[in-house]
Engineer: 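I have a structure here, written as structure tokens, and I will follow up with some questions on it.
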Amino acid sequence: MNDRYSRQLLFSPIGEKGQSLIGRKHVLMIGAGALGSGNAEVLVRSGVGKLTIIDRDYVEASNLQRQQLYTEEDVKEKLPKAIAAKKRLMAINSEVEVVAMVADAVPSLLEDLVSEVDLILDATDNFETRMLLNDISQKHHIPWIYGACVGSFGMSLTIIPGVTPCLHCLLKKIPIQGMTCDTGGIIAPAVQMVIAHQTAEALKILVGDLDAIRTTFTSFDMWRNQYSNIKVAKIKDTGCLSCGEAPTYPFLQQENLTKTTVLCGRDTVQVRPSTVQQLDLQRLSQQMKVSGYDTKGNPYLLSIDLKPERVVIFQDGRALIHGTKDLAQARSIYQKLLG
Amino acid sequence: MNDRYSRQLLFSPIGEKGQSLIGRKHVLMIGAGALGSGNAEVLVRSGVGKLTIIDRDYVEASNLQRQQLYTEEDVKEKLPKAIAAKKRLMAINSEVEVVAMVADAVPSLLEDLVSEVDLILDATDNFETRMLLNDISQKHHIPWIYGACVGSFGMSLTIIPGVTPCLHCLLKKIPIQGMTCDTGGIIAPAVQMVIAHQTAEALKILVGDLDAIRTTFTSFDMWRNQYSNIKVAKIKDTGCLSCGEAPTYPFLQQENLTKTTVLCGRDTVQVRPSTVQQLDLQRLSQQMKVSGYDTKGNPYLLSIDLKPERVVIFQDGRALIHGTKDLAQARSIYQKLLG
Amino acid sequence: MNNVLFFAHLKDEVGVESLQIEAKGKSVLALKQEVHETYGLSSIDSVMTAINEEFAEDDDVIQEGDTIAFIPPVSGG
Amino acid sequence: MNNVLFFAHLKDEVGVESLQIEAKGKSVLALKQEVHETYGLSSIDSVMTAINEEFAEDDDVIQEGDTIAFIPPVSGG
């Protein structure tokens, strides 16, 4: 596949030198939903050296409307997104090293990973994880690119430690949200637009063209034909606990991270045990069947239909409780099943 | 796949009613390169009723850097893009009717097709075909959406017959180009950006939300962080031969269309016979091998290595002459082989 | 007078894309509270504010002719 | 004075993103020719021109303070 990158080499801000840099870089992608799958496809086609994808979810029918990389077959097999993404990405470009992790992006996991990471791409669906990425970015001096969308609306911001303000400067605290995928839906053009911005910034960072990096917060509404760039320099806060003069990285501290989370866009609670488990899913499945539960599974997860709730348990002990938004109820269901 | 469109139904400008409209519409996509494959993926995931894809090309290694839908396997098999696209699109959404046509978008073919088409999406790589689409659009009162990109730059314009100016009003004549994919290259974020604009406009047209349609010519540069909207209303020309008071649709007239074309981004000439052929490729392959030529083929095409030129012949008599930009030389090579 | 813009779903909450409001001399926080009380803008705690295409803090003071934009952070991905 | 902007690869041809030119009273065509001769802008035949974010014709006349943008149509897809 000698000719593979020829059109990218012709683009002078990349060229032979830039392509060679891209091919030596390691990008960490947090999330493999709409933004994650689209960003991953662009980076892998563009020839990034290594891509690590962390995602805690599996492919569902409602993903197919906007999440590149996934097919009806992936839904039928209930494949974890990271696994399904890797499968497709390898067919697209076998020269790229793709590492798929079916896991939640908790501080300890990220701290272990980031020593050899050049760029973090945000494709999560919640602000808690973004604040965590932001602290990891500052602590380890790794740039990251915020991206998010809902309805026909989206936004992106490039954060370079030591240069730009950080997400904590901008948001002060984890925002209470008035709008989620659950209430406003999402259309694919908004997703594509965020991907265009995140991947352009990613390529600039990977080739080291720092002068070209966007210094504004970009937001847009594709249905209402609006596009806005807002300068961020002024909000850089020397007292910021994430990027200021005396950082404490508050979102890396376990006590600041919840164990149960309502997932964006779904009537679902995630429950995460305080320590990572190594469950024997096959044995667990047998037990559940004996107890009269309707279960299905694959090597990566076990699905238990409680009617109306449905519980999906992963090997690390994490569970998704579908059919509820009540954190306490979710925790209760989890504990009834797993003790 | 009951839940498939749930996030799109939640987006109020679409909703149940809009989704039902989308599902009854027929979109004609001209081209299945970077813009074509990306636009097709969004439309099929969004649940368009029927998508007809016309493309004259086959998948090459240099496409993989930015052209969604295609894999290394498609390159090895030298699959025509329309065929490879359909294969992937069916795996993504088997509920959509996808029609793949390995053909050149000539006036007679388009005139036959468009009677039942609701929207034309431009994903071609040349202005001659765009001027043709523009005349077809005006003659048959079908909206179309112009999109194009080179380097990190791109542009889009929505054209609604009877409402907006047309491409002929804007360009006056087929422009002499200073920049092609061949000289400036192309990066994937610019492609994604055009797709975001084209698909947003497509969804608005398909659900009939005409008030939401973009009334400006949008252009952007993703590397230089520029974005611009230019009003077009003033250039509507009552004397325009495509959309004015006495239209002649000049680009539907065969004498205005060339038979040999240098392809964008490649050292390649396409030669198109004045009448469509029905070649027996298997017999032709035998003949060529007997004559000492190095040939390879599949049911859709025959590749003949002339060193340094390489000729790829399609069943309809069309040929791609790789390794030259000289129209006369290309015509000569073609005639030496096919008489 | 000041032009006040509402981005994304804030438009739906307020019912219009923009309002003309006399906000000269007011702080960003005071304007947020006014818009919350008078026009039903929710979640003023987390909404981001820009003055003339530059992010502003709650204690920044609005000048005659400034354009103010309210932008809700979104989390979907 | 007039601010003249160059989009996409026209920037590379001219060497800058924008120029200050005194163009008041000139037609678009005359300005194109001037920019072609003085700054090396090629393909003035096919370049599109906008005045104050609105497309203009070759015979439109430029006013004091107008911002003019030259945009090359591109064909890649």
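Chain letters run A, B, ... following the sequence lines, proteins first and then strands; every chain starts at 1.
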Engineer: Has the side chain of B/Asp104 got a donor or acceptor atom that lies under 3.5 Å from a matching backbone atom of B/Val106?
Structural biologist: no

Engineer: Verify whether one side chain among B/Asp122 and B/Trp144 offers a donor that lies under 3.5 Å from an acceptor in the other.
Structural biologist: no

Engineer: In this structure, is the centre-to-centre distance between the rings of B/His168 and B/Phe127 below 6.0 Å?
Structural biologist: no

Engineer: Name the region of D/Asp58, side chain, backbone, both or neither, that has any atom closer than 4.5 Å to a heavy atom of chain B.
Structural biologist: neither

Engineer: Which atoms of B/Thr124 come close to chain D, meaning under 4.5 Å heavy atom to heavy atom: side chain ones, backbone ones, both, or neither?
Structural biologist: backbone

Engineer: Measuring only between side-chain heavy atoms, which start at C-beta, is B/Leu43 closer than 4.5 Å to B/Leu121?
Structural biologist: yes

Engineer: Sort B/Ile235 into side chain, backbone, both or neither according to what part of it lies under 4.5 angstrom from a heavy atom of chain D.
Structural biologist: both

Engineer: Output the option from D/Glu57, D/Glu53, D/Met48 having the highest count of non-hydrogen pairs under 4.5 Å with chain B.
Structural biologist: D/Glu53

Engineer: Given heavy-atom pairs under 4.5 angstrom as the criterion, report whether the side chain, backbone, both or neither of B/Phe220 touches chain D.
Structural biologist: neither

Engineer: Quick check for you: to the nearest 0.5 Å, what is the distance between D/Ile68 atom CD1 and D/Ser18 atom OG?
Structural biologist: 11.5 Å

Engineer: With chain D as the partner, which of B/Gln67, B/Arg130, B/Arg224 has the greatest number of non-hydrogen pairs under 4.5 Å?
Structural biologist: B/Arg224

